[in-house]
Protein chains: 2
Amino acid sequence: MAVTLADVARAADVSTSTVSRAMTQPERVDEQTRTRILAEVRRLGYRPNRAARSLITGRTGYLGVIVPDLTNPFFPELVAGIQGRAHERSLTTLLADTRDDPDAERDLLTTLAPQVDGLVLCGSRLPDADLVAAADPVPAADLVPAADLVPAADLVPAPDLGAVAAGRVPLVVVNRTVPGVPSVAVDNAGGAARAIEHLRSLGHTRIAYVGPAEGYSHRQRLTGAQEAAVTLGVQLIEVEGASSTFDGGQRAADGVLFGGVSAVLAYNDAMAIGLMHRLHGYGVRIPEDLSIVGFDDIAIAQMAYPPLTTVRFPRQEAGQQAVDQLLRNAEGATLGTELVVRRSTALYRPEEGSR
Amino acid sequence: MAVTLADVARAADVSTSTVSRAMTQPERVDEQTRTRILAEVRRLGYRPNRAARSLITGRTGYLGVIVPDLTNPFFPELVAGIQGRAHERSLTTLLADTRDDPDAERDLLTTLAPQVDGLVLCGSRLPDADLVAAADPVPAADLVPAADLVPAADLVPAPDLGAVAAGRVPLVVVNRTVPGVPSVAVDNAGGAARAIEHLRSLGHTRIAYVGPAEGYSHRQRLTGAQEAAVTLGVQLIEVEGASSTFDGGQRAADGVLFGGVSAVLAYNDAMAIGLMHRLHGYGVRIPEDLSIVGFDDIAIAQMAYPPLTTVRFPRQEAGQQAVDQLLRNAEGATLGTELVVRRSTALYRPEEGSR
DNA sequence: TTGAAAGCGCTAACAG
DNA sequence: CTGTTAGCGCTTTCAA
């Protein structure tokens with residue numbers, strides 16, 4: 001069997017309570033005693049039993065993360081940000097994938113909630129009401145300071161993410177706003193606006209926005225693009241591509257050509273690349289004949305041919321923010337986006353107007 | 001507080017043991033009693049407390065998964081396979097990312113081991129000895145049958161993955177062979193051989209293999225390519241690209257051109273695409289001037305321009321196999337690979353020999 | 001500053 | 001088939 005508190009207590013010739021205190025509240029134990037205990041802990045290779053600890057503290061040390069589809073390259077980087085920060089805070093991440101199924105998401109939400117101290121929801125497909133119902137409305141509590149005295153992460157108790165009402169859990173949603181639920185917001189509208197401005201600067205005055213039929217960030221990006229278009233005197237043509245994927249982008253190609261535009265802003269990089277792909281097949285040269293801008297800056301963007309100009313979505317930072325918010329370490333500021341110019345947009349062409 | 005076993009027992013007017021049995025060993029409870037109990041379970045929304053259950057059974061219901069880098073598109077699909085199967089088996093997956101750091105991997109191995117019932121190691125960077133030391137050498141136990149009687153996954157206890165000696169855990173490694181440790185093998189050599197055969201069929205007789213400096217599957221793929229080359233009378237030129245990434249592939253471009261070959265087999269798709277990218281820049285036309293074959297068939301392969309011919313690595317299946325093996329549901333067969341022909345290889349050209 | 005005792009929620013003998 | 005009893009390993013009063 002594994003080494004238990006009792007084993008350490010026996011070896012250090014103290015009671016189990018003292019060992020327990022030495023681990024979790026070092027300042028409440030005489031320094032000499034503590035040193036002796038920690039020496040034994042190390043010698044015996046003692047690791048606290050999480051289950052036993054949870055049973056009594058009510059905390060698990062786990063942070064749940066729910067994503068719609070891990071194979072969508074947008075999410076792994078977000079997860080990396082979450083995982084990194086969680087690890088720093090002695091939390092172990094529990095990752096679940098809903099396969100884009102809202103029912104599965106609802107299921108996971110209720111399954112995971114009791115097993116974790118906090119939950120990060122990425123790209124949730126659930127209606128606001130479900131999220132509000134799941135979120136703990138009474139978050140509180142301080143962050144437990146990183147205990148430098150004890151080496152292994154597991155020896156440190158997990159930070160207190162707040163009291164949890166039955167079936168509810170501290171929750172944070174990423175890239176979405178739900179009244180009453182903490183969230184990490186990202187400036188989608190601003191990013192889209194900057195993309196339109198960029199295209200306008202290059203001389204484009206008739207631009208297509210290729211997006212999916214619906215979706216939270218789609219609406220934000222579209223709105224941002226529309227407002228910029230109005231301000232700059234650009235004609236914005238909406239083209240719908242069914243799904244926000246490579247495939248969806250491919251299917252939008254005909255609509256784009258029909259629209260008679262000289263440039264395109266796509267809802268995301270996947271659509272942009274699908275579009276480029278199909279247009280290649282049509283003999284359209286990019287960026288000579290048509291400029292394309294994507295959104296997100298997933299890894300593929302720079303590997304595309306030609307490399308894709310895009311708006312960087314700060315995924316890693318968003319993940320970190322999410323954890324910080326759960327730990328009440330950060331206010332819910334809006335993260336900025338940034339235009340990354342690559343070769344999929346043409347050089348400056350003086351007012352040629354629409355074609 | 002949450003609903004406990006005692007609450008259900010009180011409501012159904014039975015003892016807690018009976019409720020416990022109704023959940024975990026339905027056949028040992030009178031059908032009427034059981035029905036009544038399950039009705040109360042549902043009515044009250046009872047969910048077993050995992051920590052309490054773990055404490056006594058010694059099982060956690062968690063399956064650990066360790067990957068080197070989740071942002072590498074190779075892994076998410078593998079994880080999806082694992083997660084899917086694990087979920088079917090009432091196991092919750094605990095995913096950890098080592099960031100390609102062997103020390104972090106060793107750390108995670110020891111941190112995770114006591115919290116999980118089994119561990120899947122993907123693309124491990126650790127020496128055999130570490131893996132053997134961590135693996136439980138005395139695996140056993142039957143699979144708990146999927147209990148159809150109880151709806152929610154969490155109500156079913158996790159399957160027994162075998163007795164665990166101190167600090168050891170049932171372990172399976174994916175795409176690697178370690179003596180004494182269960183593993184999921186994939187036919188890397190065969191895939192590489194088939195790629196060479198394909199290129200030979202198209203008329204290529206001088207072919208480059210572009211790989212990283214080292215690595216388990218690299219060696220297997222290289223060996224497979226070499227053997228096929230000898231058999232078919234093909235000259236195989238090895239070109240080293242430093243790392244097995246897009247970048248590594250780019251850096252190998254000069255070497256490939258210098259080698260005077262008419263075709264290339266890359267260690268993986270990322271390198272293949274990096275190589276294509278750089279060659280595009282050099283004005284080399286693909287596949288007219290040079291045919292390229294990748295390996296793995298990550299999603300980007302078909303989005304590349306031109307779409308990349310590649311060898312499909314059955315990631316999803318490998319993930320499922322891994323879980324099946326942990327559950328002693330499957331023998332360690334070798335999974336096959338498969339050539340996927342796309343436009344990055346040229347049409348048949350009669351023996352033009354090397355250039 | 002330390003120890004004794006209680007108990008978190010559950011399962012597993014063991015009787016009945 | 002069901003209830004009683006004990007205790008998993010830990011933290012936390014409460015006293016000393």
Side-chain angles (χ1 to χ4, degrees), chain A residues 1-37 41 44-61 114-115 144 147 150 154-158 160 163-164 166, chain B residues 1-37 41 44-61 114-115 144 147 150 154-158 160 163-164 166:
Chain A
M1 275 310 291
V3 182
T4 73
L5 255 196
D7 296 329
V8 178
R10 206 170 307 119
D13 198 34
V14 290
S15 72
T16 58
S17 345
T18 306
V19 179
S20 172
R21 270 185 298 249
M23 313 251 47
T24 59
Q25 316 169 57
E27 72 285 358
R28 299 247 279 253
V29 174
D30 180 79
E31 192 180 322
Q32 298 217 352
T33 321
R34 189 178 60 214
T35 313
R36 184 157 39 97
I37 292 173
V41 163
L44 297 173
Y46 167 70
R47 324 223 70 191
N49 178 319
R50 280 204 181 219
R53 191 178 255 181
S54 294
L55 193 53
I56 189 158
T57 60
R59 273 174 287 132
T60 61
Q115 326 180 21
V144 169
V150 221
D154 215 33
L155 298 182
V156 182
D160 192 342
V164 180
Chain B
M1 273 311 291
V3 182
T4 72
L5 208 49
D7 297 327
V8 179
R10 206 171 305 120
D13 198 34
V14 289
S15 73
T16 58
S17 346
T18 305
V19 178
S20 172
R21 271 185 297 249
M23 312 250 49
T24 58
Q25 318 168 61
E27 71 286 357
R28 301 249 277 254
V29 174
D30 179 80
E31 192 180 322
Q32 299 216 351
T33 322
R34 190 178 57 213
T35 313
R36 184 158 39 98
I37 292 174
V41 163
L44 298 173
Y46 168 70
R47 324 224 69 192
N49 179 318
R50 281 204 181 218
R53 194 178 252 181
S54 294
L55 193 52
I56 190 156
T57 61
R59 273 174 287 132
T60 61
Q115 327 180 20
V144 170
V150 220
D154 214 32
L155 299 183
V156 181
D160 192 342
V164 179

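Proteins get letters first, then strands, A, B, ... in listed order; numbering begins at 1 in each.
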Have a look at A:Thr33 and say if it touches a base, only the backbone sugar-phosphate, or nothing, with a 4.0 Å heavy-atom cut-off.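 Result for A:Thr33 = sugar-phosphate.
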I need the [atom1]-[atom2] distance between [X] and [N], as an integer number of Å.
X: B:Glu31; N: D:dT2; atom1: CD; atom2: P; result: 11 Å
X: B:Ile37; N: D:dC1; atom1: CD1; atom2: C1'; result: 11 Å
X: A:Asn49; N: C:dC8; atom1: CG; atom2: P; result: 18 Å
X: A:Ile56; N: C:dG9; atom1: CD1; atom2: P; result: 10 Å
X: A:Leu5; N: D:dG9; atom1: CG; atom2: P; result: 10 Å
X: A:Asp7; N: D:dC10; atom1: CG; atom2: C1'; result: 13 Å
X: A:Arg59; N: D:dC10; atom1: CZ; atom2: C1'; result: 13 Å
X: A:Leu55; N: D:dC10; atom1: CG; atom2: C1'; result: 8 Å

5′-ward residue of the pair B:Val14/A:Thr16 relative to DNA chain D: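 Nearest nucleotide further toward 5': that of B:Val14.
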Would you kindly compare B:Val29 and A:Ala6 by the position of their nearest DNA chain D nucleotide and give the one closer to the 5′ end?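 Nearest-nucleotide comparison on DNA chain D picks B:Val29.
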Taking only the side-chain nitrogens and oxygens of B:Arg28, find out if one of them lies under 4.0 Å from OP1 or OP2 of D:dC1.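 B:Arg28 to D:dC1 OP1/OP2: no side-chain N or O under 4.0 Å.
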Can you check whether B:Thr57 has a side-chain N or O nearer than 4.0 Å to OP1 or OP2 of C:dT11? no
Heavy-atom distance under 4.5 Å between the side chains of A:Thr60 and B:Arg50, does that happen here? no
Any side-chain heavy-atom pair of B:Gln25 and B:Glu27 under 4.5 Å: yes
What's the closest nucleotide to the [X] side chain, out of [options]?
X: A:Ser15; options: C:dG3, C:dG9, D:dC10; result: C:dG3
X: A:Arg21; options: C:dT11, C:dT2, C:dG9; result: C:dT2
X: B:Gln25; options: C:dC10, C:dA12, D:dT11; result: C:dA12
X: A:Ala52; options: C:dG3, D:dC10, D:dC1; result: D:dC10
X: B:Thr18; options: C:dT1, D:dG3, D:dT11; result: D:dG3
X: A:Ser17; options: D:dT2, C:dA5, C:dT11; result: C:dA5

A:Thr4 OG1 to A:Arg47 CZ distance, which is reported to the nearest 0.5 Å: 15.0 Å
Please evaluate residues A:Met23 and A:Arg21 with respect to the criterion side-chain contact (heavy atoms from CB on, under 4.5 Å), reporting the C-alpha separation (whole Å), side-chain torsions for both, the decisive distance (0.1 Å), and the verdict. CA-CA 5 Å; A:Met23 313 251 47; A:Arg21 270 185 298 249; over 6 Å; no
Could you pull out the closest heavy-atom pair between A:Leu44 and A:Val8, with the gap in Å? CD1-CA, 4.0 Å
